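Only one structure is covered here, and it is reproduced in the block below.
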Amino acid sequence: MRDVAIRQAQYLPLGALLAAIGFAFTVPGYHSASQHLSELGLLPGLPARVLQIVMMVGGAAIIVFSLALLASGRRFASSALTSALFGAAMFSNGAFTTGSPLHGLYSIGIFSILTPLLFRVELGADASPRMTWLAPATSLLGVGYLWLMLSGFDPQPYHGLTQRIAALPAFGWYTFAALELRRSRAPG
């Protein structure tokens, strides 16, 4: 069962994000470059429902991956915790519309910035050379995006684009982490 939980992370988190990004291009009046994905949830009918389902699926997939890490024992406890927080935040992005404090669970997903670094440390000598540079690069990109948003330097006409640029590695990291676990056959 642990193997299935890890294998699904190769496809579902990034696949859900890509589905939301792709779907956004089909919504009349929605502008992907300037609007965040969450703004689809404010539209009536199908756009809101699709975003809701896709974000909940992506969040649930991340939570399942986190539980698989916990099933490995204490070795991945820290990355499992930060990953589960990110999964819960993404699930809540689907369950609650933007504007609600429960959308993103009061920004608890911020801890996801630590997940790649913690995972790399917890993987230890089983980490591939790619993981050695990918983990810090993913975390630094997350910190950079957070700084852009908090400082007000995220350019308004392109803040949808910057969100997607930061989200792709954040969600894609789960694909790589699952592949890394399967490659290394890292025990708990």
Side-chain angles (χ1 to χ4, degrees), residues 1-25 37-38 40 49-96 104-105 108-142 145 163-188:
M1 192 59 127
R2 177 184 174 267
D3 289 339
V4 172
I6 290 171
R7 186 181 301 262
Q8 63 82 32
Q10 288 178 237
Y11 309 104
L12 287 180
L14 182 59
L17 177 67
L18 291 173
I21 290 171
F23 177 75
F25 285 115
L37 280 170
S38 295
L40 283 172
R49 295 298 160 245
V50 168
L51 182 71
Q52 181 180 36
I53 291 166
V54 168
M55 287 295 98
M56 291 172 81
V57 166
I62 293 169
I63 292 168
V64 167
F65 176 77
S66 304
L67 293 174
L69 288 178
L70 283 177
S72 299
R74 294 177 147 186
R75 179 178 183 183
F76 294 104
S78 295
S79 52
L81 173 63
T82 57
S83 180
L85 292 173
F86 181 57
M90 292 304 104
F91 187 89
S92 74
N93 282 345
F96 304 98
L105 291 178
I108 195 80
I110 194 171
F111 289 100
S112 69
I113 293 169
L114 297 173
T115 304
L117 292 174
L118 292 170
F119 182 82
R120 166 57 189 96
V121 168
E122 291 169 338
L123 197 56
D126 292 326
S128 70
R130 286 186 307 221
M131 179 57 80
T132 300
W133 68 265
L134 185 69
T138 303
S139 290
L140 281 173
L141 185 60
Y145 177 64
Q163 178 198 43
R164 286 156 179 81
I165 289 170
L168 285 169
F171 280 78
W173 178 83
Y174 288 93
T175 298
F176 189 73
L179 290 169
E180 187 79 359
L181 283 174
R182 294 184 64 220
R183 180 203 59 79
S184 71
R185 300 271 192 239

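Keep in mind that what you see is a predicted model, and the values were worked out from it rather than measured.
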(request) Evaluate whether atom CG of Leu179 has more than 12 neighbouring non-hydrogen atoms of other residues, nucleotides or ligands under 6.0 angstrom away. (result) yes

(message) Within the 4.5 Å heavy-atom criterion, are Phe171 and Ile62 side-chain neighbours or not?
(response) yes

(message) Please determine whether side-chain contact (heavy atoms from CB on, under 4.5 Å) holds for the pair Asp126 and Arg75, giving the CA-CA distance in whole Å, both sets of side-chain angles, and the decisive distance to 0.1 Å.
(response) CA-CA 12 Å; Asp126 292 326; Arg75 179 178 183 183; 2.9 Å; yes

(message) Are Phe65 and Ser83 packed together at the side-chain level, in the sense that at least one heavy-atom pair is separated by less than 4.5 angstrom?
(response) yes

(request) Locate the shortest heavy-atom distance separating Leu123 from Ser184; write the atom from each residue and the value. (result) CD1-OG, 4.1 Å

(message) Rounded at 0.5 Å granularity, tell me how far CE in Met56 sits from CG in Asn93.
(response) 11.0 Å

(message) Restricting to non-hydrogen atoms, name the atom on Pro136 and the atom on Leu117 that form the minimum distance, rounded to 0.1 Å.
(response) CA-CD2, 3.5 Å

(request) Looking only at non-hydrogen atoms, find the nearest pair between Ala20 and Leu37 and report the distance. (result) O-CD2, 3.9 Å

(request) Evaluate the side-chain proximity of Phe86 to Trp173: yes if any heavy-atom separation is below 4.5 Å, no if none is. (result) no

(request) Working to the nearest 0.5 Å, report the span between CG of Leu105 and CZ of Phe91. (result) 10.0 Å

(message) Within the structure provided, determine whether Ser112 and Leu85 are in side-chain contact (heavy-atom separation under 4.5 Å).
(response) no

(request) Name all residues meeting the side-chain contact (heavy atoms from CB on, under 4.5 Å) criterion together with Ala135; count only those two or more places apart in sequence or in a different chain, and write none if there are none. (result) Pro116, Arg120, Met131

(message) Side chains of Phe23 and Val54, heavy atoms from C-beta outward: is any pair under 4.5 Å?
(response) no

(message) Determine whether a donor-acceptor pair (N or O, by modelled atom type, separation under 3.5 Å) exists between the side chain of Ser92 and the backbone of Gly104.
(response) yes

(message) Quick one, Ile63 and Leu67 - any side-chain contact, counting heavy atoms below 4.5 Å?
(response) yes

(request) May I ask you to test the Phe119-Leu69 pair for a side-chain heavy-atom distance under 4.5 Å? (result) yes

(message) Please find the pair of heavy atoms, one from Ser79 and one from Thr82, that lie closest to each other, and give the distance.
(response) O-OG1, 3.3 Å

(message) Just verifying a value: how many Å separate Tyr174 OH and Ser66 OG, rounded to the nearest 0.5 Å?
(response) 5.5 Å

Side-chain donor-acceptor pairs of residues 3-11 under 3.5 Å, sequence neighbours excluded:
{"residue": "Gln8", "atom": "NE2", "partner": "Ala5", "partner atom": "O", "Å": "2.9"}
{"residue": "Gln8", "atom": "NE2", "partner": "Ala61", "partner atom": "O", "Å": "2.9"}
{"residue": "Gln10", "atom": "OE1", "partner": "Arg182", "partner atom": "NH1", "Å": "2.6"}

(message) Do Ile110 and Ile113 have side chains that approach each other closer than 4.5 Å (heavy atoms only, starting at C-beta)?
(response) yes

(message) Rounded to the nearest 0.5 Å, what separates atom CG in Leu81 from atom CZ in Phe76?
(response) 15.0 Å

(request) State which residue, out of Leu18, Ile21, Leu17, fulfils the side chain to side chain contact (heavy atoms under 4.5 Å, CB included) condition with Arg164. (result) Ile21

